[in-house]
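This report refers to the structure that appears directly beneath it.
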2 protein chains.
Amino acid sequence: MTQPDMPTPPWERPPKRRRPPRVPLSRERIVDAAYAVLDREGYDGLSMRQVAAELHVAVSALYVHVRDKDELLRLMYNRLFDGYELPDPDPEHWREQLRNFARQGRKRLLSHRDMAKISMAHIPFTPELLPHVERLLAMFVAAGLPKKVVAIAGDLLSTYMDGFVLEESLWRDRYPESGGAAPEKMREEIQGYFASLPPDRFPNLVELADVMVDESNDYRFELGLEIILRGIASYVGEPDD
Amino acid sequence: MTQPDMPTPPWERPPKRRRPPRVPLSRERIVDAAYAVLDREGYDGLSMRQVAAELHVAVSALYVHVRDKDELLRLMYNRLFDGYELPDPDPEHWREQLRNFARQGRKRLLSHRDMAKISMAHIPFTPELLPHVERLLAMFVAAGLPKKVVAIAGDLLSTYMDGFVLEESLWRDRYPESGGAAPEKMREEIQGYFASLPPDRFPNLVELADVMVDESNDYRFELGLEIILRGIASYVGEPDD
DNA sequence: TTGAGTTTCTGAACACTGTTCACCAATAAC
DNA sequence: GTTATTGGTGAACAGTGTTCAGAAACTCAA
């Protein structure tokens, strides 16, 4: 039995701050943990229980701070845009500015596993993202595009980024031998497969086997981006009708 | 107790063909049922158990014909292309041909609920789909495009179709009051929201509120498609380098 | 017709999932 | 120092994909 008024001697007392000061949960910490789980387990492995385990906490504790798994995913999506600065629109260099915007977007989407899947499932019209949308619109306006094009060009570009990165990650998932010469092997296999098709029935696939596979994803992204930008540029100066 | 050797009298025997002749399961029937469930319950409600229930069959019976839920989804994806005929390439009218291709694709994606979600998760390079890819490539070749553009233009177009329809359905899900004046109400609400933003911080959003929302999805799809086609067309005649 | 063999389907189980709810502990307010 | 309020617990519920021993139905040869 402990004597209530006696001081506990140092060797009895566990080292100071035995129980860590219980830094409380918060949306921020939950999102951090969710990203950790996402990177480790992928989108399908991202469960509330895994997130809770990452924080050494019971599942139900999460629901104090977050209504849903949907809300958690929305918070993760929002973070995608943190510190995503768009420059002031420069009418002289709007194409290069948009190129940079798209490159930066792709880089962000690639920075977390399966991020494109999450991005694809959300519309960038939540209040937190509106300043972003506004600045993007400003760049199209500065370029001298007609209203109707301004109104959809941002969507077009975003869809391209999301879709491209999503497809990148689909291929990656098919060849999960992470690291090493996996991409090399993948290239060879796919190229060999295309090249081995009957040339009478698939002349173009056989012919294009090398160029379809040889080019890096970076190159393909840039080319697709350039196609879209040329298409948009073709509207510069057209009246609003 | 039944007497084993006595014939059962007619009034005892249930009416002829009591038990229906047990049309056996097949991949086709399973995919049919899966589509029925998809249209009724949406992608999140599409479970193996629901599909089994649709067929009045135990869940585990499905696994005799189908390895995975993944395989089932792949079969559903494949069916998207059934009877999806591409015309012979006509160098004079390749743009109109591609427009039709995209329109038809969107129509198919819209013909089943959440179909775009399934389509987005698959790469159109399964053996069954290669003839399709081949014909699409042929159209780009006929248009006189350089190899590198041919190699990615199909992807670009498919990504656009999938992404556009997916976004359409995301909006639809946000306003699930099916039928009636729901789209009207949606338009008004969104437009009102954009218009109500502080004009000093969001001048472009406020300015463009009407044109961003007023236009029908059909119109927006056509415009985005036209942008991409113009971009592609800008490469006609360029050398393969 | 009988019987063997193969295919197809069943029911139960396993290990998960998201979400809720009564309860308990720690903190903040008076 | 006692009371609220908030944050966290553990168990439970209904649902998920998938597997597996065994029963039922079909096929085909004797």
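Each chain gets a letter, A, B and so on, in the order its sequence line appears, and its residues count up from 1.
One interatomic measurement links the two molecules: OH of B/Y63 to C1' of C/dA13, which rounds to 14 Å at whole-angstrom precision. For the pair B/Q50 CD and D/dT16 P, the interatomic distance rounds to 6 Å; values are reported in whole Å. One interatomic measurement links the two molecules: CG of A/L46 to P of D/dT16, which rounds to 20 Å at whole-angstrom precision. As a whole-Å value, the separation of A/L62 CG from D/dT9 P is 9 Å. Rounded to an integer number of Å, the gap from NZ of A/K69 to P of D/dT16 is 15 Å. Distance CG (B/L55) to C1' (C/dT10): 15 Å, rounded to an integer number of Å. As a whole-Å value, the separation of A/L72 CG from C/dT17 P is 14 Å. B/I30 places its CD1 atom 11 Å from the P atom of C/dT8, with the value rounded to the nearest Å.
Not one side-chain nitrogen or oxygen of B/H65 sits closer than 4.0 Å to the OP1 or OP2 atom of C/dT7.
Counting only heavy atoms from C-beta on, B/A61 has its side chain closest to C/dT10 among C/dT10, D/dT19, C/dG18. With D/dG8, D/dG17, C/dT19 as the candidates, the nucleotide lying closest to the side chain of A/V59 is C/dT19. With C/dT10, C/dG18, D/dG17 as the choices, the nucleotide that has an atom nearest any side-chain atom of B/V57 turns out to be C/dT10. Closest to the side chain of B/D68, from the set D/dT18, D/dT9, D/dG8, is D/dT18.
Put simply, the side chain of B/R49 and the base of D/dG15 share no donor and acceptor less than 3.5 Å apart. You'll find a donor-acceptor pair under 3.5 Å spanning the side chain of B/S60 and the base of C/dG11, going by distance alone.
Residues A/R27 and A/E71 are paired through a salt bridge, judged by an N-O separation under 4.0 Å between the basic side chain and the carboxylate. Salt bridge A/D218/A/R103: absent, no basic N to carboxylate O contact under 4.0 Å. Between B/R40 and B/E54 there is a salt bridge, with a side-chain nitrogen of the basic residue lying less than 4.0 Å from a carboxylate oxygen of the acidic one.
Ring centroid separation for the pair B/F194 and B/F202 does not come in under the 6.0 Å cut-off.
Positionally, the nearest nucleotide of DNA chain C for A/D44 lies more toward the 5' end than for the other of A/R67 and A/D44.
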